[in-house]
Structure formats: structure tokens, C-alpha cells
Chemist: 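The structure's right below; bear with me while I get my questions together.
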Amino acid sequence: AHACLPSVYNSMEHPKQFPLVVVAAFACMFLMYGVMGGFGYLVFGNTVSPVITQDAADAAQLPWEQALVTTVLCLVSWATYSTTVPVVAVLTDFVSP
């Protein structure tokens, strides 16, 4: 996402508001990550590990829970891959003349 910031800045109608937008976006991300981390700690307690996906897979005991965890992990992997391609495209726009 950081690689997209110059492109966002260049496409803004009011570029002077860019610092405010960045601060607001990072504050929202901090809040969302904090809430998710808090819920993760409430669910897993002191047994939480750095690899949250492993904790989710270990907690899934019923077949439908295992299917849900597998589906979510596949969607996260797909979303990570699909967002990498546009970032590379933006970077090549800056590098190529």
C-alpha cells in the first residue's frame, strides 16, 4: 500500500490535504488492528502465537469450522496476491521513463 501513496498524491484534487488523509488512514488502520488484536487475545488468551492463522486452524474442530478457516485463508492469500500486482504496476510507472 505504501507504494501507491505517490500515485494517490498525484491524483488528488487537493494535494495539500494529503498529510491529513494519511494520518486519518493510518489512525483507522491502527484502530482496526487494535480491535482485531484485542478480540484475538480474548479468544485465544495467553496461548496466542505470532501466526494467527495457525491458531484459527487449531481452534476449528467441527468440519464446517475447518472449511470456513480454509476458505478464509484461501481468500486472504488470493487478496494478498491480487493486491501485489497493482503495486508492481505503480512502481514500474515510476521507474520507466
Chemist: Are Tyr41 and Val35 linked, directly or through intermediate hydrophobic residues, by side-chain heavy-atom contacts shorter than 4.5 Å (ILVMFWY only)?
Modeler: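 In one cluster: no.
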Chemist: Do you know which two heavy atoms are closest between Gln66 and Gln61, and how far apart they sit?
Modeler: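 What the structure gives for the nearest pair is NE2-O, 3.7 Å.
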Chemist: Applying the side chain to side chain contact (heavy atoms under 4.5 Å, CB included) test to Val69, which of Thr71, Val72, Leu73 qualifies?
Modeler: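 Only one option passes, and that is Leu73.
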Chemist: Can you tell me how far apart CD (Gln17) and OH (Tyr9) are? Round to the nearest 0.5 Å.
Modeler: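 The distance works out to 11.5 Å.
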Chemist: Using the rule that two of Ile, Leu, Val, Met, Phe, Trp, Tyr join whenever any of their side-chain heavy atoms come within less than 4.5 Å, decide whether Leu31 and Phe39 are in one cluster.
Modeler: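 Hydrophobic grouping puts Leu31 with Phe39.
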Chemist: Take atom CE in Met12; do more than 12 heavy atoms of anything else shown fall under 6.0 Å from it?
Modeler: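 Correct, the count exceeds 12.
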Chemist: Count I, L, V, M, F, W, Y as connected when their side-chain heavy atoms are under 4.5 Å apart, and connections chain through other members. Are Met29 and Val21 then in the same cluster?
Modeler: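 Met29 clusters together with Val21.
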Chemist: For Phe18, is the CZ atom crowded, meaning more than 12 foreign heavy atoms sit under 6.0 Å from it?
Modeler: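 Atom CZ in Phe18 is crowded, with more than 12 foreign heavy atoms closer than 6.0 Å.
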Chemist: State yes or no: do Val76 and Leu68 share one hydrophobic cluster built from I, L, V, M, F, W and Y residues joined by side-chain heavy-atom distances below 4.5 Å, directly or via other members?
Modeler: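 Cluster IDs for Val76 and Leu68 match.
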Chemist: Is there a path of hydrophobic side-chain contacts, each under 4.5 Å between heavy atoms of I/L/V/M/F/W/Y residues, joining Tyr33 to Val22?
Modeler: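 Yes; Tyr33 is reachable from Val22 via cluster members.
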